[in-house]
Student: 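Let me begin by handing over the structure; questions about it come next.
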Amino acid sequence: GVRQTLAFSASRPEPKPDTKAEAAKAKLRAAAPIALETVSADSEFALVLARRRSDGGVEPVALVDDEAMVEKAIKRAGL
């Protein structure tokens with residue numbers, strides 16, 4: 001048999017950037033850090049979003065208020 005190779009270099013469009021995600025990231029970069037002691041949650045577990053500081057440490061900047069996402073994070077924690 002004869003094998004043919006097809007090139008698709010120019011036929012695929014570039015993916016569009018997620019501008020909502022980029023805008024949210026910009027807000028999180030500018031957000032003041034929060035103290036974990038001040039986080040109040042209605043359920044036993046909470047999902048806290050942290051950013052990396054320039055010194056390599058991390059600091060919490062937001063509380064994710066989405067029970068489904070919290071459940072997913074618990075499953076992925078791998079403990």
Student: Could you pull out all donor-acceptor pairs under 3.5 Å where a side-chain atom in residues 21-37 meets a protein atom, sequence neighbours excluded?
Tutor:
none

Student: Going by side-chain contact (heavy atoms from CB on, under 4.5 Å), name the residues that satisfy it together with A46, two or more places apart in sequence or in a different chain.
Tutor: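 Once residues adjacent in sequence are excluded, the partners of A46 under the side-chain contact (heavy atoms from CB on, under 4.5 Å) criterion are A41, L63.
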
Student: Please identify each residue that fulfils salt bridge (charged side-chain N to carboxylate O under 4.0 Å, His left out) with D55, with sequence neighbours left out.
Tutor: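 Applying salt bridge (charged side-chain N to carboxylate O under 4.0 Å, His left out) to D55 gives R53.
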
Student: Output all residues satisfying salt bridge (charged side-chain N to carboxylate O under 4.0 Å, His left out) with E44, sequence neighbours left out; order by chain, then residue number.
Tutor: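 For E44 there are no salt bridge (charged side-chain N to carboxylate O under 4.0 Å, His left out) partners, ignoring immediate neighbours.
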
Student: What about V64 and V39, same hydrophobic cluster or not, with Ile/Leu/Val/Met/Phe/Trp/Tyr joined at side-chain heavy-atom distances under 4.5 Å?
Tutor: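 No, separate clusters.
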
Student: Could you list the donor-acceptor pairs under 3.5 angstrom formed by side chains in residues 65-79, with sequence neighbours left out?
Tutor:
residue: D66; atom: OD1; partner: A68; partner atom: N; Å: 3.1
residue: D66; atom: OD1; partner: M69; partner atom: N; Å: 3.1

